[in-house]
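Chain letters run A, B, ... following the sequence lines, proteins first, then strands; residues in each count from 1. Both backbone and side-chain heavy atoms feed into the values below; hydrogens, waters and symmetry mates do not.
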Amino acid sequence: MSRPKSPKNIKFTKTNSRRFRHFSSAGKFRRAARRNLTRFILAGKLLYDGESSRLYQKLVKGEESVVQLFGFTDERRGPSSIFIGAIPKPDKDLSKIREVIMHEINDLATNGVKPEEMQKMQNQLLNDVVRMRQSSMTRAQHIAEFTLYDGNPELVNSELDELLQITPDQIKAVVAKYLNTENRALLDVVPVGKG
Amino acid sequence: MTEEFRKTAPEPLAPAPFNIGKPFETTLENGLKIVVFEEKRLPLVSYRLAFFAGDTSDPKDSVGLTSAMASMLNEGTKNYTSRQLAEEIERLGASISTSASGDFTIVAASALSLYNSDVLRLMTEILFTPTFPEEELNLYKQNAIENLKYQRSQASFLANEQTARILYGEHPYSVISPSPLDIEKITREKLIQQHGKIFIPNNAILIVVGDVETESFLKELEDNFGKWKKGNVENVDFPALPERTENTLTIVDRQGSAQSNIVISSLAFERTNQDYFPFIVMNQILGAGASSRVFMNLREEKGYTYGAYTRLDAKRFAGDFEATAEVRTAVTGDALREFFYELNRIRDEKVSDTELNDAKAFLTGVFPIRAETQEGLTSLIVSQKLYNLPDDYLQTYRDNINAVTIEDVEKAAQKYIQPDRMAIVIVGDGEEVLEQAKSYSEKVEIFDTEGNPQENTKYMNNETVGTADVAGKWSLTVDFQGQQFPVSLALEQNGETAFGKLESVLGEGDVHDGKVKGNKFLLNKTGSRFFGKLIGFALHRVLTFFVRSTPISREIARIIPSCFAVTKSERLFAIGFEGKPSLFWRRNRAFAFDRVGFFFVKVAGDAEFYSRAFQRVVFGFFNAEFAFAVPVPMPSRVTPSIVMATVTVKISPICLMSLTVCDQFGAFRPKCRRPCAIRHNQRNACCRCGRASLRAV
């Protein structure tokens with residue numbers, strides 16, 4: 001089976017009947033490449049996870065151009081993807097918001113991760129992993145996913161160590177290779193009449 | 001060969017014991033209540049500092065002030081800017097959030113126990129030294145106003161807004177959200193004043209759950225919170241709740257809406273009420289879950305909605321009961337009928353032993369799962385303390401559920417479910433909804449989405465508009481059971497009558513009784529020929545022009561046939577269901593599962609063929625002499641295809657009398673398997689509407 005090609009900076013514009021605009025950007029990478037995936041998860045945390053994340057501080061606080069910011073990695077057995085989305089304020093220029101997002105990605109790819117960001121991320125990882133293991137359902141789910149996707153249920157015991165060993169340079173490299181490119185899809189959801 | 005033991009489902013195991021200890025409790029000299037629950041399974045700690053004052057403490061002219069104050073707490077303090085606070089909290093891998101609900105204002109924090117002292121320090125920073133910076137307040141106001149606009153685009157918000165207004169009258173619970181004007185009026189001075197009024201230790205409780213040593217930890221709490229000065233606790237004196245004497249209908253008009261968001265509600269009781277346990281057992285049977293009555297009826301049997309539920313919202317000072325569903329516009333009236341049928345049935349008939357036992361098993365079984373995580377356990381303890389529930393509430397919860405009897409359920413239903421005094425709120429196409437729902441109340445109010453009252457006559461009188469011109473070709477998308485397929489209509493028109501031809505994947509058919517009235521086109525009956533046989537189905541009250549001059553060629557999405565009907569002379573069945581498409585026979589039963597588009601099952605001979613769980617599983621009882629399996633390949637998990645299967649069976653005549661059609665619904669009615677329905681059938685009345693006659697086919 002051949003891997004589907006990623007779109008080359010394709011912009012989709014779709015209209016709907018609601019009054020709100022919505023902007024999404026998505027990039028694609030392989031879930032099977034486990035090492036890349038974990039580095040991507042950390043890159044995502046830096047970019048959009050929490051109020052101290054780079055994009056929240058830039059777009060919600062600094063530029064005040066966005067009402068809500070969100071992002072997630074969509075992990076798949078085949079090509080996985082990373083999504084960044086925003087609900088802009090009225091009359092804000094979507095292209096400028098995109099520029100800010102790409103600038104931050106570029107900065108991460110060029111200048112890498114700051115030491116204080118690494119410390120924050122490692123504490124968050126520790127907290128997240130411990131909390132996620134509280135319920136038997138989530139433990140079972142994790143073991144099942146490691147078995148299904150990676151063929152190794154034992155990864156549940158080494159996942160945290162693996163994440164904590166990721167270096168700033170590794171995050172920088174994966175962002176440079178997969179995110180700081182034109183290889184992404186853009187989707188603008190705009191009110192009817194503005195498409 | 002199936003092994004013998006597999007033929008019978010195993011009995012459920014006895015409930016696992018659930019032992020939960022009691023927390024340590026004390027009160028500081030300043031009146032702050034402290035609850036510490038040592039829980040050392042994991043190196044985590046959770047905090048809730050809760051104040052017994054929430055949005056209901058807003059000054060009358062400052063709706064939203066308490067929520068704004070809570071939201072602004074971590075936007076800047078004496079020693080930290082908003083960004084520094086966010087970075088400092090997240091650097092610890094911790095979280096600190098602040099929020100207000102109607103009854104309470106809560107500062108919540110969680111962290112690795114390693115950072116316990118750091119989190120306490122940051123909590124006190126946020127609590128005691130917020131600065132409410134002007135620039136952050138301006139940003140909060142801008143974002144809040146944008147969020148209000150977004151909220152107002154959501155049907156569920158509009159329904160809840162009207163429901164609260166109607167049920168609670170002048171009580172502060174009647175307001176679920178501030179207006180943009182309220183937000184504009186918020187000032188830094190008002191925030192400071194509200195902070196001083198609400199954040200007093202003698203009206204608060206600090207609950208700590210996690211990996212702590214109580215004794216040493218108390219010292220730390222004393223250091224952090226001991227110097228906090230007492231304040232005056234304001235007495236609350238809320239206006240009386242309105243007394244309901246009749247059903248009311250409130251419509252929020254969203255012209256052209258494909259769905260109606262229905263909320264049928266009434267007042268219930270406050271959280272500490274002694275009827276709480278019988279009521280939640282009753283509610284579990286009626287509508288709390290996916291196996292409850294309203295879900296099984298409106299979704300599984302009728303296919304009106306993706307989900308239908310009932311719920312109890314028992315607050316500190318009052319509470320309400322709601323039955324809710326989002327349904328296709330065309331079946332708004334049908335859905336109301338089924339809701340009221342179930343509301344009456346839970347009052348008028350005793351629930352069965354099975355229903356009672358299932359509900360109790362679910363509620364008692366899920367309870368320990370809710371306490372499995374530290375957050376879950378903390379939430380349970382917080383609820384117990386904030387609502388002033390008994391000290392042994394958590395320990396006796398399952399006993400209280402298990403003590404509920406069938407008679408208790410009946411009493412609770414009869415006391416609190418009053419089908420003749422419900423507030424019906426529907427957000428949807430005003431004209432369509434009014435037409436279908438007006439028979440449920442003589443008191444009708446209509447609002448626009450901004451909450452402005454509208455003239456009812458605007459939605460009732462189409463005669464002055466003139467008759468729309470519908471002649472021409474229509475290209476429709478039919479949405480049936482979540483699947484869409486194209487249908488084309490070629491219509492001619494003679495005054496208020498339309499007729500013509502229909503083409504679809506079901507085949508071709510004639511349109512012979514279309515009615516055009518004002519700007520509405522009603523196509524009550526049409527048919528499609530499939531392998532030379534007629535499949536009857538109805539497009540009922542669904543073709544509506546919203547713009548008088550709309551050209552006829554315009555595509556209208558989501559036209560939904562309300563049902564596929566079967567009559568004696570028509571032996572074809574068109575059945576939609578979801579899931580992995582496979583159709584197979586086992587012994588005398590035909591099974592069709594699951595998750596895709598349409599199967600067209602041709603049945604030769606006479607049969608009882610009924611759909612239980614209409615979308616999911618369709619199975620019929622045949623005395624078949626022929627078995628046929630149709631594995632259907634799926635092109636994609638997300639793009640279902642339309643598939644067909646032809647099944648020919650030889651049926652014994654004994655089944656002939658079982659297939660019935662309800663005149664009132666025009667819908668295929670199987671032999672009902674419920675005891676009540678059998679009684680109805682015996683007196684030749686429909687078990688759904690109770691009025692229309694049933695006829696055997």
Side-chain angles (χ1 to χ4, degrees), chain A residues 16-22 45-46 48-54 56-69 76 86-92 114-140 160 163-164 191-192, chain B residues 39 41-46 74-75 81-97 110-115 118-119 135-136 138-140 142-154 211 254-258 368-377 449 557:
Chain A
N16 69 5
S17 60
R18 298 288 180 261
R19 295 160 57 189
F20 294 92
R21 298 184 300 170
H22 173 111
K45 277 180 117 37
L46 284 172
Y48 49 66
D49 197 6
E51 292 190 7
S52 69
S53 67
R54 290 183 173 208
Y56 186 92
Q57 284 298 328
K58 280 276 179 185
L59 292 170
V60 181
K61 289 289 190 179
E63 307 256 335
E64 298 184 13
S65 56
V66 158
V67 179
Q68 280 181 29
L69 175 85
R76 303 271 174 164
I87 299 179
K89 289 183 179 173
D91 305 322
K92 292 290 178 183
K114 296 171 194 160
E116 59 270 25
E117 285 180 313
M118 282 307 289
Q119 189 198 2
K120 174 184 85 171
M121 217 156 48
Q122 288 177 340
N123 275 331
Q124 286 179 333
L125 285 170
L126 197 57
N127 187 59
D128 292 350
V129 170
V130 172
R131 285 191 184 276
M132 276 192 302
R133 291 183 183 186
Q134 290 181 91
S135 87
S136 29
M137 175 64 90
T138 52
R139 284 199 299 274
L160 180 60
L163 287 166
L164 292 175
V192 172
Chain B
E39 209 254 349
R41 286 178 300 170
L42 291 165
L44 299 170
V45 63
S46 298
N74 53 10
E75 297 298 351
T81 64
S82 169
R83 178 173 190 154
Q84 286 168 337
L85 262 179
E87 285 175 347
E88 184 66 7
I89 293 165
E90 290 179 8
R91 183 183 66 78
L92 302 173
S95 71
I96 300 180
S97 63
S110 63
L112 295 161
S113 49
L114 173 69
Y115 297 116
D118 298 275
V119 169
E135 67 277 13
E136 293 293 345
N138 289 336
L139 180 58
Y140 168 82
Q142 284 175 30
N143 288 341
I145 289 170
E146 288 305 318
N147 277 324
L148 290 180
K149 289 179 191 167
Y150 175 74
Q151 246 178 201
R152 204 155 275 288
S153 73
Q154 304 297 304
D211 181 19
R254 297 216 307 180
Q255 198 177 64
S257 177
I369 296 175
R370 288 168 59 195
E372 193 180 16
T373 64
Q374 192 178 90
E375 291 81 4
L377 178 62
T449 55

- Checking S136(A) against chain B: side chain, backbone, both or neither under 4.5 Å from a heavy atom? both

- Which heavy atom of L44(B) sits nearest a heavy atom of N127(A), and at what distance? CD2-OD1, 3.8 Å

- Query: Which atoms of S113(B) come close to chain A, meaning under 4.5 Å heavy atom to heavy atom: side chain ones, backbone ones, both, or neither?
  - Reply: neither

- Message: Do Q68(A) and E146(B) pair up side chain to side chain, a donor and an acceptor below 3.5 Å, judged on atom types alone?
- Response: no

- Message: Does any backbone or side-chain atom of D128(A) lie under 4.5 Å from a heavy atom of chain B? Answer side chain, backbone, both or neither.
- Response: neither

- Which bit of S95(B) comes within less than 4.5 Å of chain A, counting heavy atoms only: side chain, backbone, both or neither? neither

- E135(B) with K61(A): basic N within carboxylate O range, under 4.0 Å: no

- Note on the structure: The interface call for E136(B) against chain A, heavy-atom contacts under 4.5 Å, is side chain

- Under 4.5 Å to a heavy atom of chain A? For L92(B) that would be backbone

- Residues which pass side chain to side chain donor-acceptor pair (under 3.5 Å) with K58(A), listed by chain and number, not counting sequence neighbours: none

- Query: Taking all non-hydrogen atoms of both residues, which atom of Q57(A) and which atom of A86(B) are closest, and how far apart?
  - Reply: NE2-CB, 4.4 Å

- Among E87(B), R41(B), Q84(B), which residue forms the greatest number of heavy-atom pairs with chain A at distances under 4.5 Å? E87(B)

- So, Y115(B) versus N123(A): side-chain donor-acceptor pair below 3.5 Å or not? yes

- Message: Which one wins on heavy-atom pair count under 4.5 Å against chain B: G50(A), S53(A), S135(A)?
- Response: S135(A)

- Between E88(B), Q374(B), E375(B), which residue shows the highest count of heavy-atom pairs closer than 4.5 Å to chain A? E375(B)

